[in-house]
Asker: 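This is the structure I have questions about; it appears just below.
Convention: sequence-line order gives letters A, B, ...; per-chain numbering from 1.
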Amino acid sequence: MDQKFYARPVLEVAQDLIGCLLTHGPCSGVIVETEAYHDSEPACHAFIGVTPRTETLFGAPGRAYVYRSYGVHAMLNAVCEPEGVGAAVLIRALEPVDGIELMAVRRGAAKLTGLCSGPGKLTQALGITLADNRSDLTHGSIVISERPDGSGDPVIQRDRRIGITKATELEWRFCLADSRFLSRPVGRVARA
DNA sequence: CATGGGATTGACT
DNA sequence: GTCAATCCCATGC
C-alpha cells in the first residue's frame, strides 16, 4: 500500500483499512476495527494545532503516529490526508494471524480473542512502542498490506467512537461485521 | 517549574 | 459497576 492510499479523506481510509494485514516483526493480524480522527473536531489531538506532539499528525501521510495514553498504553495510528492536514486512523483491534505464541507471552497468556481486542492491547501484543512514532507504514518496521484479492469487500459496520469525551456524536468507528475480535460489540453505548 | 487531563486496561466490589 | 496506575505534553504562572 503506497502513500497515495493514505493521502485521502480519513473516513475513506478508515473503512478501507478494515480487512488489511498489519505486520510488525514476526507478528501480524487482520485489522477489524478502526476509528477516524480529524483536526476539524475536538476529539482529535490535532484540534489544538501544530505542537511537538501533533507534528506527526500534520506531516506526511502513511506514517505511524504512536503516543502514550493514560501513562500506560501505546496507541497506533496511521496518518492520513495530505501533508498539512492533521488526521489519522486509530487501529483499535486485530484478528491475530502470525506470531500468536509471542503475542500471548507479551500479553500474559490471554485467550486468542483477547490478544489484540483493544488499541493498547494490540500494541503490546505486537511489540509496538513510542519508538515507532513517525515510522513509515509503507516501508518501515510496521507494514500494512492490502487485503487479498478475491476475499471480497468486507461488510463494515459504523458506530460511535469509544472512550472519548468530545465529539461523541460522530459515527467514525468502523468494524468488521460479526468479528469476534473487536474491542467492544457494535451498537452499545460506549462507556457508562 | 507545577499542574491537570487523557483515543485504556485490568483488578476489585 | 467503580477506580487507580502512570507518563507525556500542553498550558499557565
Side-chain angles (χ1 to χ4, degrees), chain A residues 6 9-11 13-15 17-18 22 29 31-59 61 63-81 85-94 96 103-135 137 142 144 157-176 180-192:
Chain A
Y6 298 100
V10 67
L11 287 173
V13 180
Q15 294 175 71
L17 281 174
I18 299 291
L22 175 69
I31 298 171
V32 297
E33 180 178 346
T34 62
E35 282 177 3
Y37 289 85
H38 189 275
D39 61 25
S40 61
E41 47 90 14
C44 183
H45 292 172
F47 183 69
I48 59 173
V50 181
T51 66
R53 183 196 201 186
T54 63
E55 190 183 0
T56 312
L57 283 169
F58 287 92
R63 300 295 198 94
Y65 168 55
V66 184
Y67 72 96
R68 190 169 299 287
S69 173
Y70 293 91
V72 181
H73 307 283
M75 302 283 174
L76 172 64
N77 300 251
V79 175
C80 294
E81 311 245 359
V85 179
V89 174
L90 171 68
I91 311 297
R92 286 193 56 89
L94 305 177
M103 293 192 213
V105 170
R106 286 177 175 145
R107 293 269 306 119
K111 293 192 168 307
L112 186 62
T113 51
L115 284 185
C116 301
S117 59
K121 295 178 183 180
L122 73 90
T123 54
Q124 185 188 15
L126 297 208
I128 292 167
T129 67
L130 297 199
D132 296 300
N133 192 31
R134 284 162 110 29
S135 78
L137 295 172
I142 304 170
I144 299 179
Q157 292 179 305
R158 191 170 182 158
D159 199 5
R160 288 149 88 111
R161 292 178 293 183
I162 292 176
I164 53 172
T165 57
K166 294 167 236 170
T168 54
E169 74 285 358
L170 297 175
E171 297 199 329
W172 285 10
R173 176 183 179 227
F174 300 95
C175 297
L176 180 63
R180 304 151 46 219
F181 300 94
L182 303 177
S183 63
R184 323 181 81 150
V186 176
R188 307 281 191 284
V189 176
R191 289 257 175 268

Asker: Consider the side chain of A:Y70, meaning its heavy atoms from C-beta on, and name the nucleotide among B:dT8, B:dA7, C:dC8 that approaches it most closely.
Answerer: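 Comparing B:dT8, B:dA7, C:dC8 against the side chain of A:Y70, the answer is B:dT8.
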Asker: Would the distance check show the side chain of A:R92 and the main-chain N or O of A:E33 forming a donor-acceptor pair, the cut-off being under 3.5 Å?
Answerer: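 Answer holds: no.
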Asker: So, OP1 or OP2 of B:dA7: does either fall under 4.0 Å of a side-chain N or O from A:K166?
Answerer: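 Indeed not, no polar side-chain atom of A:K166 lies that close.
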Asker: Mind calculating the distance between OH (A:Y67) and P (B:dG6) to the nearest angstrom?
Answerer: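 A:Y67 atom OH is separated from B:dG6 atom P by 12 Å.
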Asker: Mark yes or no for whether A:T54, through its side chain, and A:L57, through its backbone, hold a donor-acceptor pair below 3.5 Å.
Answerer: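 No, the answer is negative, given that no donor and acceptor are paired below the 3.5 Å cut-off.
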Asker: Which value, in whole Å, describes the distance between the C1' atoms of nucleotides C:dG1 and B:dA7?
Answerer: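 The answer is 22 Å between these two C1' atoms.
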Asker: Is it the case that the side chains of A:R107 and A:Q124 hold a donor-acceptor pair, with the cut-off being a distance below 3.5 Å and no angle test?
Answerer: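 A donor-acceptor contact under 3.5 Å links the two side chains.
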Asker: Quick check: does any side chain N or O of A:R161 sit under 3.5 Å from a backbone N or O of A:A36, one acting as donor and the other as acceptor?
Answerer: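 Judged by distance alone, yes, a pair lies under 3.5 Å.
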Asker: Could you say whether A:R68 or A:L122 is positioned toward the 5' end of DNA chain B, judged by the nucleotide with the nearest heavy atom to each?
Answerer: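 That would be A:R68.
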Asker: May I ask you to verify if any side-chain N or O of A:H45 is less than 4.0 angstrom from the OP1 or OP2 atom of B:dG6?
Answerer: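 Answer no for this pair, as no side-chain N or O of A:H45 is under 4.0 Å from OP1 or OP2.
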Asker: Separation of A:I164 atom CD1 from B:dG5 atom P, in whole Å?
Answerer: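 Nearest whole value for this atom pair: 18 Å.
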Asker: Partner lookup for C:dA4, please. Criteria are Watson-Crick or G-U wobble with both distances under 3.5 angstrom; report none if nothing qualifies.
Answerer: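 Its partner is B:dT9.
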Asker: Who does C:dT11 pair with, Watson-Crick or G-U, both distances under 3.5 Å?
Answerer: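 Across all strands, the one nucleotide that pairs with C:dT11 is B:dA2.
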Asker: Between C1' on C:dA4 and NE2 on A:H73, what's the gap in Å once rounded to a whole number?
Answerer: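 Going from NE2 in A:H73 over to C1' in C:dA4 covers 11 Å.
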Asker: I want to check one thing: is the phosphate of C:dT11, taken as OP1 and OP2, less than 4.0 Å away from some side-chain N or O of A:R53?
Answerer: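 So the side-chain polar atoms of A:R53 never come under 4.0 Å of the phosphate oxygens OP1 or OP2 of C:dT11.
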Asker: Can you tell me the distance, in whole Å, between the CG atom of A:L182 and the P atom of B:dT9?
Answerer: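 For the pair A:L182 CG and B:dT9 P, the rounded distance is 13 Å.
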Asker: Using OP1 and OP2 only, check whether a side-chain N or O of A:R184 sits under 4.0 Å from B:dT8.
Answerer: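 For B:dT8, OP1/OP2 do not have a side-chain N/O of A:R184 under 4.0 Å.
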Asker: Under 4.0 Å, counting only non-hydrogen atoms across every strand here, what does A:T165 touch: a base, just sugar-phosphate, or nothing?
Answerer: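 Result for A:T165 = sugar-phosphate.
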Asker: For A:L170 and B:dA7, what is the distance between atoms CG and P respectively, to the nearest whole Å?
Answerer: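 From A:L170 CG to B:dA7 P: 14 Å.
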Asker: Counting C-beta onward and ignoring hydrogens, is there a side-chain heavy-atom pair between A:D159 and A:C175 closer than 4.5 Å?
Answerer: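 They are not in contact (no side-chain heavy atoms under 4.5 Å apart), so the answer is no.
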Asker: If I take atom CD in residue A:E169 and atom P in nucleotide B:dA7, what distance separates them, rounded to the nearest angstrom?
Answerer: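 From A:E169 CD to B:dA7 P: 15 Å.
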Asker: Measure the distance from CD1 on A:I91 to P on B:dA7 and round it to the nearest whole Å.
Answerer: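 To the nearest whole Å, that distance equals 17 Å.
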Asker: For the pair made of CG in A:L76 and P in B:dA7, what is the distance, rounded to whole Å?
Answerer: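 Nearest whole value for this atom pair: 16 Å.
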Asker: Give a yes/no on whether any side-chain N or O of A:S69 is located under 4.0 angstrom from OP1 or OP2 of B:dG6.
Answerer: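 No, A:S69 has no side-chain N/O under 4.0 Å of OP1/OP2 on B:dG6.
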Asker: A:T123 side chain to A:G120 main-chain N or O, any donor-acceptor pair under 3.5 Å?
Answerer: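 Looks like yes, one N/O pair under 3.5 Å.
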Asker: Base, sugar-phosphate alone, or nothing: which one does A:R173 contact when heavy atoms must sit under 4.0 Å apart?
Answerer: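 It contacts nothing in the nucleic acid.
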Asker: Counting only side-chain heavy atoms from C-beta out, which of B:dT8, B:dA7, C:dA10 sits nearest to A:P52?
Answerer: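 Ranking B:dT8, B:dA7, C:dA10 by closest atom to the A:P52 side chain puts C:dA10 first.
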